[in-house]
Amino acid sequence: MSPALLLCILVAYFALLLGVAWATSRNATNDSFYIGNKSSNWKLVAFGMVGTTLSGVTFISVPGAVGRDGFGYMQLLIGYVIGYVAVAFILLPLYYRLKLTSIYDYLNQRLGRRAYQSGASFFIISRLLGATARLYLVVNILQAIILDSFGVPFWVTTVVILGMILLYTYQGGVKTIVWTDTLQTSCMLFGLLACIAILLGQMDLSVGQSLARMHEQGLSRVFTSAVDSPNFYLKQIVAGVFIVIAMTGMDQEMMQKTISVKTLADSQKNLLSLTVILFVVLSLFMFLGGLLHLYAPIAGVGASGDKLFPAVVMGHLPVALQIVFLIALISALFPSADGAITALTSTVCIDLLGLKRRQDLPEPDKVRWRQRVHLGFAALFLLLVMAFKWIDSASMIGVILKVASYTYGPLLGLFAFGMLTKRRLRDRWVPLVAAGGPLICAILEYNQTLLLGSYRLGLELLMINGIVVFGGLWAISRPPPSRISERDAAISLTVDA
């Protein structure tokens, strides 16, 4: 297909996003930007969050990993389901009871100012690294299939795409993203189903026949039983639970949309609906990966990992499907970046700069500060995408989960300490404890052969990180006062709410 035609499709799709942004951001305020005036429709939020949760990494990396791991991702997926139920019935009631705009304000109310700032800071690091890794993957593919033929440098492509995202999120924030994510999720899922249908047709296979072929070639294996392996099924399932609790329930980007729904009951419906949809969709992505690995030898495709899906579609499938693939890929790109930039802006403005608390600052000045922060994060995204271009990992999903093990561990430890104990912290030591958890985990992982023998650490590193931080917080804490206040009763899970 002509790169010029692909470029026209990209421009037309972006024009559609701008139209949605214009319609949803009129008369927008800072509250619209941060939490959509708490008036978002839970059905739209649930469906749109599928795109945010999956991103371009899922679209490209999960199918590509089937050749190496089979359907092993299903082990994590089982844990994800348990994790989402926990978030819906443990964390969401707490957030609604305290009427939070930023979920890290919970840490302020329960543990103190330094815990609050530490939690917000680790979210910023986590989301910056995770979102830019996802963004890099899709930008790199767009560069290869469209922009390289025009001689456009990679950094120019990244600047243009970040500029597009800024244009449609700059004013409306969450109020706009709820709608654009719905559109983008629809396009991505249509692309997924179209690719499955075409590949089955190309190989003249039914669903049952294709699964039988995958089984014969060892592509459909799910559970890894070797305890020493990083992919041991029990480790993967438990890790999946804590990945969701940390990366969704303690993540401002995901919760920002969830708590933009008016009532707790509707917010819980949103999250449970998201769980069901995600289970089905991720299962389909693994099935697609199996089909790609069956088709690649037939078509003479030598690509593997993240490069397999684009190589098969753009080199061997009909033009119509190439167009669908491009739109689906772009649709996977934008939700992983637009929500991240918006959530990061909200966290800095609310948690670190305290704009909502400042009565001395006029509203127009608050808006200007928010817009400056928004632009600043776009610049940071550019720098980090260029860094990932330099790293150029073969499988970005592994990179993202590894980064999450280090950066979300302190959040897990902080929230768990606040919810499971009534103890008070010595505030000034909290940042050192929060930073110490990832450092100790890095030392443990680097020396695991010496310390653990043949045992290999996997995603359980996230839990170890959280436990280390929890233990450090206990060491710098003191017993609670003999009488617990009404405020403490509202923010601790150890007291009936």
Side-chain angles (χ1 to χ4, degrees), residues 35-36 38-59 62 73-74 76-96 100 103 127 130-131 134 174-193 237 239-286 328 331-332 334-340 342-343 397 400-401 404 408:
I35 54 170
K38 268 204 177 293
S39 59
S40 301
N41 183 292
W42 72 265
K43 296 171 188 174
L44 285 177
V45 173
F47 190 68
M49 280 177 69
V50 173
T52 306
T53 305
L54 297 180
S55 80
V57 172
T58 306
F59 195 78
V62 170
Y73 196 77
M74 181 65 73
L76 274 176
L77 187 52
I78 293 168
Y80 289 171
V81 172
I82 301 169
Y84 278 112
V85 172
V87 172
F89 292 101
I90 297 175
L91 291 177
L92 279 184
L94 183 66
Y95 297 156
Y96 271 83
L100 302 179
I103 61 171
R127 186 48 67 179
R134 293 178 176 94
V174 169
K175 187 178 179 183
T176 294
I177 287 171
V178 165
W179 288 94
T180 55
D181 280 3
T182 299
L183 169 66
Q184 290 160 176
T185 299
S186 301
C187 293
M188 184 172 65
L189 296 185
F190 177 76
L192 166 65
L193 294 173
I237 292 172
V241 175
F242 284 94
I243 285 171
V244 167
I245 290 173
M247 296 180 68
T248 297
M250 298 170 187
D251 183 288
Q252 176 65 16
E253 178 185 355
M254 299 301 290
M255 289 295 98
Q256 187 174 23
K257 297 170 187 175
T258 306
I259 62 177
S260 72
V261 177
K262 188 172 184 178
T263 68
L264 170 61
D266 281 349
S267 187
Q268 289 171 323
K269 290 177 194 173
N270 152 46
L271 211 55
L272 296 177
S273 301
L274 170 66
T275 306
V276 174
I277 297 169
L278 274 181
F279 188 90
V280 173
V281 172
L282 284 168
S283 299
L284 287 174
F285 270 111
M286 284 182 278
S331 299
F334 283 115
S336 63
D338 58 15
T342 302
I397 195 164
I400 288 168
L401 290 175
Y408 280 94

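Shown here are the side chain to side chain contact (heavy atoms under 4.5 Å, CB included) partners of Leu92, two or more places apart in sequence or in another chain: Tyr95, Tyr96, Met255, Thr258, Ile259, Leu264, Ser267, Gln268, Leu271. Residues passing the side chain to side chain contact (heavy atoms under 4.5 Å, CB included) test with Val276, sequence neighbours excluded: none.
Rounded to the nearest 0.5 Å, atoms CD1 (Ile103) and CE (Met250) are 8.0 Å apart. Distance check, rounded to the nearest 0.5 Å: CD1 of Ile245 to CG of Asp251 gives 13.5 Å. Rounded to the nearest 0.5 angstrom, Leu284 CG and Leu192 CG are separated by 5.5 Å. Going from atom OH of Tyr408 over to atom CD1 of Ile243 covers 11.0 Å, rounded to the nearest 0.5 Å.
Applying the side-chain hydrogen bond (donor to acceptor under 3.5 Å, both in side chains) rule to pairs touching residues 76-86 yields Tyr73-Tyr80, sequence neighbours excluded.
Smallest separation of non-hydrogen atoms from Arg127 and Met247: NH2-O, 4.1 Å. The shortest non-hydrogen separation linking Pro93 to Ala88 is CD-O, 3.4 Å.
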Can you list the steps and then say if Leu189 with Val281 is a side chain to side chain contact (heavy atoms under 4.5 Å, CB included)?
CA-CA 8 Å; Leu189 296 185; Val281 172; 3.7 Å; yes

Report the C-alpha separation of Leu77 and Met286 in whole Å, then their side-chain angles, then the decisive distance to 0.1 Å, and conclude whether the side chain to side chain contact (heavy atoms under 4.5 Å, CB included) test is met.
CA-CA 11 Å; Leu77 187 52; Met286 284 182 278; 4.1 Å; yes

